[in-house]
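Beneath this line is the structure, given in structure tokens, with notes to follow.
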Amino acid sequence: MKKILFAASEGVPFIKTGGLADVVGSLPKCIDKQYFDVRVILPKYACMKQEMKDKMEYITHFYMDYNWQDVYVGILGAQVDGIQYYFIDNEFYFNGMKPYGDNALFEIEKYAFFSKAVLSALPLIGFRPDLIHCHDWQTGLVPVYLKERFQGNDFFRGVKSVITIHNLKFQGKWDPKTVQSITGLPEYYFTPDKLEAYDDANLLKGGIVFADAVTTVSDTYAEEIKTGFYGEGLDGLLRARSGDLRGIVNGIDYEDFNPETDPYIVKQYNAINFRKEKVKNKKALQEQLGLKVDEKKMMIGIVSRLTDQKGFDLIAYMMDELCQDDIQLVVLGTGEEQYENMFRHFDWKYSDKVSANIYYSEELSHRIYAACDAFLMPSLFEPCGLSQLMSLRYGTVPIVRETGGLKDTVQPYNQYEGTGTGFSFANYNAHEMLATIRYAEQIYYDKKREWNKIVDRAMAADFSWDVSAKKYQEMYDWLIG
Ligand code: ADP
Ligand code: GLC
């Protein structure tokens, strides 16, 4: 039995801010249990729901030399859905109202602590992974610490590491002297062939340099990040590591996201009866959100972090014009204030057409995926994107920009060939986006049978983890040998 440890800063059902949590929560369940023992280690955040904290049991604790102090490290455990979870407990670092805070230096100190604590905890738990699968910059120092000190110890000899880039934009950067002092890594680690990039210490770079393999979450993003536009300054390094870099597209949990059994939605439906049943969710949502109740109105949904990444400047630019159309727009999201206020403004201005819900809600997100006719995601860049996969699963037609995972998972409608699962446009341009939305409106209103066939194909597309989990397994096998 090969042993794999996932190390990450968030994971469903314990804590979630975005798609990373969905992946960390769903992928381990889909790895073949006959050959792999996959466990997951996360921070224990004070802001986790009490019912989740109640599932955790104290295992042990120790004190770790970190940032010139002896720091408390608690280890807790829990079993959920057949997966063994571990948690690193430290009230100083993990006490906030949210997992991530605004103080960049503290974030670095916190996740460097987590990375070192993960490795230090393993001998005490008695779990020696053959491979540690790290995710994003927060765990970038795991491969570094592993090579720098832990592999000198028998317990860790031969332990491999992989890092998956879910978002290259976030790298964990600060000046090298400070990071060196906090982490206790030797000075010669802070050179451009190791942790340094553009005069900063860069934790993600450390992970990419020292991991045995690097993956990202779609084929297109794996190519894009080797270019200057998408490379966030690390494109040179990624080109240099391209032999060890591959894209494996994300899946979603087909049980949690299933319109036939979803407990959050008003009317369950499936690929056969959606023509009659899906619309009941739209009516219910119109009532719930105070929109005009009209089941014929085309409803477009957005569920997203409200950041530049997701293309909200295009939407902001076109909102007035878009709101002249015969549509309704339902938004669920939190993030940058300018976008939160932009949607609040249009909700006020076009109150029967626009519903802005500026908060986080699992339940409302499911209701939107189920109720809407289309889902808008005009991202500037998108490593994979899960929202469009959830939309496809619920027969809600995605309208996306052709970038990263959006390009790999949404097949554009072709009216001549009768193919496609959604609508897409190539350039990051507001008019192109609006023209594409209007093309979708036209099919929705004037060619309903065609529209329903798009829905048929969307619901038939398979983005469960089956195929991609096998690719991870192959990679684990290849690395562990
Ligand atoms: P990213 O990870 O970049 O935020 P993804 O599309 O990969 O984008 O994943 C986003 C996940 O977060 C989806 O599961 C989406 O439904 C969820 N989500 C985003 N914002 C909210 C919100 N305000 N309320 C509930 N779920 C949200
Ligand atoms: C990141 C990306 C998103 C991806 C998710 C899970 O948050 O922004 O595109 O789907 O990670 O891999």
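Atoms within a ligand are numbered from 1 in the order they appear, just like the ligands themselves.
- When only non-hydrogen protein atoms are considered, atom 10 (O) of ligand 2 lies nearest to G385 N, 2.7 Å.
- The N/O atoms of V23, backbone and side chain alike, include none that comes under 3.5 Å of an N/O atom in ligand 2.
- Only the side chain of N250 comes within contact range of ligand 2, with a heavy atom under 4.0 Å; no backbone atom does.
- Among residue pairs with one or both ends in residues 205-217, those qualifying as side chain to side chain donor-acceptor pair (under 3.5 Å) are T164-T215; sequence neighbours excluded.
- A search for ring-ring contact (aromatic ring centres under 6.0 Å, His included) contacts involving F87 returns F14, not counting sequence neighbours.
- The protein non-hydrogen atom at the shortest distance from atom 12 (O) of ligand 2 is H166 ND1, 2.6 Å.
- Cation-pi contact between R393 and Y254: present, with separation from the ring centre below 6.0 Å and deviation from the ring axis of at most 45°.
- Looking only at heavy atoms of the protein, atom 3 (C) of ligand 2 is closest to E382 OE2, 3.4 Å.
- Checked against salt bridge (charged side-chain N to carboxylate O under 4.0 Å, His left out), E474 has no partners two or more places apart in sequence or in another chain.
- Each of the atoms 8 (O) of ligand 2 lies under 4.0 Å from some heavy atom of R305.
- Under a 4.0 Å N-O distance rule, the pair D456/R275 qualifies as a salt bridge.
- Looking only at heavy atoms of the protein, atom 8 (O) of ligand 2 is closest to Q309 NE2, 3.0 Å.
- T307 is listed as a side-chain neighbour of K310, based on a closest heavy-atom distance under 4.5 Å.
- To the nearest 0.5 Å, the span separating OH on Y317 from CG on N429 amounts to 9.0 Å.
- Heavy atoms of L20 found under 4.0 angstrom from ligand 2 belong exclusively to the backbone.
- Per-residue contacts place N167 under 4.0 angstrom from the following atoms of ligand 2 (heavy atoms of the residue considered): 8 (O).
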If you look at each N/O of ligand 1, which protein N/O atoms lie under 3.5 Å away, and at what distance?
unit_1	atom_1	unit_2	atom_2	d
ligand 1	2 (O)	G19	N	2.6
ligand 1	3 (O)	R305	NH2	2.7
ligand 1	3 (O)	K310	NZ	2.8
ligand 1	4 (O)	R305	NE	2.7
ligand 1	6 (O)	L386	N	2.8
ligand 1	6 (O)	S387	N	3.1
ligand 1	6 (O)	S387	OG	3.4
ligand 1	7 (O)	L386	N	3.2
ligand 1	8 (O)	K310	NZ	3.0
ligand 1	9 (O)	G19	N	3.2
ligand 1	14 (O)	K16	NZ	2.9
ligand 1	14 (O)	D22	OD2	2.8
ligand 1	16 (O)	Y369	OH	2.6
ligand 1	23 (N)	Y359	O	2.9
ligand 1	24 (N)	S361	N	3.1

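- Between the CG atom of D253 and the CG atom of L389 there is a distance of 12.5 Å, given to the nearest 0.5 Å.
- Note on R239 versus D235: salt bridge recorded, some NZ/NE/NH1/NH2 to OD/OE distance being below 4.0 Å.
- Atom-to-atom distance recorded for I480:CD1 and Q473:CD is 10.5 Å, nearest 0.5 angstrom.
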